[in-house]
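Lettering follows sequence order; numbering is per chain, from 1.
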Amino acid sequence: MKYTLAVLVENRPGVLTHISGLISRRAFNIESIAAGHSEEVDTTRITIDVEVDDELELEQVVHQLSKLVDVIKIVNLTRVDHIERELALIKVKASKVNRSDLVDIVEIFRAKIVDVNRETMVVELTGEASKIDALCEVLVDFGIIEIVRTGKIALSRGPIAAKEM
Amino acid sequence: MILQGADALIECLKQEGVEVVFGYPGGAVLTLYDALYNSQFPHVLTKHEQGAVHAADGYARVTGKVGVCIATSGPGATNLITGIATAYMDSVPLVAITGQVGVSLIGKDSFQEADICGITTPISKHNYLVKRAQDLPRVIKEAFYIARTGRPGPVVIDIAKDVFAATMDYEYPTEVSLRGYKPLFAGDEEVLRVCLEELRQAKKPLLFVGGGATISNMAPEIRKFVNATGIPVISSLMGLGVVPGDSSEHLGMVGMHGTYAANMATVECDLLLGVGVRFDDRVTGSVEHFAANAKILHFDIDPAEINKNVCATIKVVGDLAWSLPLFNKLVKDFAPDIKEQTASWREQTAIWKQDKPMTYKSREGVIMPQQVIAKLNELAEDAIVVTDVGQHQMWTAQFFNFRQARAFVTSGGLGTMGYGLPAAIGAQIGLPDKKVIVFCGDGGIMMNCQELATAADNGFPVKVIVMNNQVLGMVSQWQRLFYGERYSHTSLKGRTDYVKLAEAMGVTGFKAEHPGELEDILKKALATSGPVLVEVALPSDEDVMPMVPPGGCLDKMILGEC
């Protein structure tokens, strides 16, 4: 089972080391992890996608992470109505011949072309992970040179912030 | 008050009530040592940084105070690692202060640089890298607070060399503000009522006490509970002494080398009340079959311990200092009923205890290891007993009757060989009026034997019993039982004369080789002032029994002579 956790941590050096260190030493299976600033200057928000066998294992992940001194709060977003997004940049081969085909595909996926040169294009896509996977699958035929993905971020719907949940 | 970083640090230590620090100087902490020199702050110089950290650990375990050690950057700090990990596994409050290279040199592979925060992250409760002098008071305040509150543990403060020399406006903070660290004290009282109901239903309840009971100083409450209800008690290695070892309700240590009665009771009980325990694999054997007929009530301060190894029926999360007094109040009125309805169960456990007590077979003309422990149990019943790790550690757990909590100091979780001697020195400093006895194997003593010199040079009167069976006992026992008697590199037959080794470092040495002389020599050792080492010659092939093979069920013990 997959769960999405919003982890609010102190914005301090070493915090990510503590989190990633804990995840690896407890052998937790993390699918993605994305960190960035939050609405508060001294708080970093990390979205962790964790794959566990059961609720007990999830409880372990949450409790162990909570023990870290710099972890302020953990919210299990899986249980609340929420939005998930991931951003991908995909560099794909684009010759004169197939460029227009590519543009069509990009259009269909509501992606954006953010860089073009004589041989390649960079496509930017925001969406759920499955949508990015689907685009990548189509682009394989053109020849993907490289992909970078941010990892999933998630936010609850409605007026309440994670720090107040 | 304008102070230099190093002086400020010492002020902070005084504010925290630190009585003594254990350490070893070096380049990155020169300024700090200069401040120690000026302030005459009590400092114990060990012979190795590992000795310093284990001594701080031993000091912390017997006193319940935070142990403090200091090491320099790089190799000094990396020498602390085993000790920090040892303290972490056994939840010992420790503050380890390490020097770091100067701020401008960090990350440049500078001389004696090592990333101590990176290295200690998985083995410490928390750690800090201090690069600005003005952060020092806050960091030290937080470090001590984190180390001793909640579930205690080691905290590392890595301080850049220039911080010690920088001046700052010193003021010690009165309060700690940590958004992500709110150690839990009180939990849900309602859950305690549910526990009481379960307890009243139970026909075969069993109390299982662990290190948490010692750490929270709750031995008196637990004894009160046991006296009132008459419920039989088993202990983990770390829980020995919480209930007097010789009390009729105490069935002994449970687990791999637990007593027959404790292990059978665990298999048969219908309610297991785990208090400050973490259901380590050395306790449970096969997790699937562990207390399979029982509902498990798990009392612990650390929510992450609940359902980690064993699933609890009811969890009581909170400080034992909160839950146990309350639970005792609730139980009080029903205690006589509980005592009555569990009478036949108590009888059953007493029969197990009587039928298969901890015993061993004597051999003609040979001192048996168990006999050494049992003899010292007679001669020094109020002693603080420290062990190293291995067979002698298990024999000590089995054959010494611990009467008080905090009277048994041993590396339980990490199983650190070389721990015993330095930890004994720390314990002795913490409790200068107590007799401190440390049992070591001939393997473990050599891992930190340099600390004999620390004991001698400072006159710390620890009594070191070297249980010399000329093998790496526990490993060779496994080779005998599970590896077809192929004794790969476990023979320690060598030319070391332990008495001479002791004498060379200024420690009085005795040697006991025959059963007839054992008692006299032990008495002589105990009566001799200053540090003493007694080498006891033992047979090489004695096994620690009973034994539950790893991953086995607790009722499938190899009993040996037991």
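At a 4.5 Å heavy-atom cutoff, A:L8 makes no contact with chain B through either its backbone or its side chain. For A:L56, the part lying near chain B is the side chain, with the backbone staying farther off; criterion is any non-hydrogen pair under 4.5 Å. Using a 4.5 Å cut-off between heavy atoms, A:V69 touches chain B through backbone and side chain atoms alike. For chain A, the nearby part of B:I306 is the backbone; its heavy atoms alone come within less than 4.5 Å.
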What are the atom names and distances for all donor-acceptor pairs below 3.5 Å between chain B and chain A?
{"from": "B:Y88", "atom 1": "OH", "to": "A:R25", "atom 2": "NH2", "distance (Å)": "3.3"}
{"from": "B:P122", "atom 1": "O", "to": "A:R25", "atom 2": "NE", "distance (Å)": "3.3"}
{"from": "B:N127", "atom 1": "OD1", "to": "A:H18", "atom 2": "NE2", "distance (Å)": "2.8"}
{"from": "B:R179", "atom 1": "NE", "to": "A:E10", "atom 2": "OE2", "distance (Å)": "3.1"}
{"from": "B:R179", "atom 1": "NH1", "to": "A:T43", "atom 2": "OG1", "distance (Å)": "3.2"}
{"from": "B:R179", "atom 1": "NH2", "to": "A:E10", "atom 2": "OE1", "distance (Å)": "3.1"}
{"from": "B:R179", "atom 1": "NH2", "to": "A:D42", "atom 2": "O", "distance (Å)": "3.2"}
{"from": "B:R179", "atom 1": "NH2", "to": "A:T43", "atom 2": "OG1", "distance (Å)": "3.1"}
{"from": "B:D302", "atom 1": "OD2", "to": "A:K67", "atom 2": "NZ", "distance (Å)": "2.6"}
{"from": "B:A304", "atom 1": "O", "to": "A:Q60", "atom 2": "NE2", "distance (Å)": "2.5"}
{"from": "B:N307", "atom 1": "ND2", "to": "A:E59", "atom 2": "OE2", "distance (Å)": "3.2"}

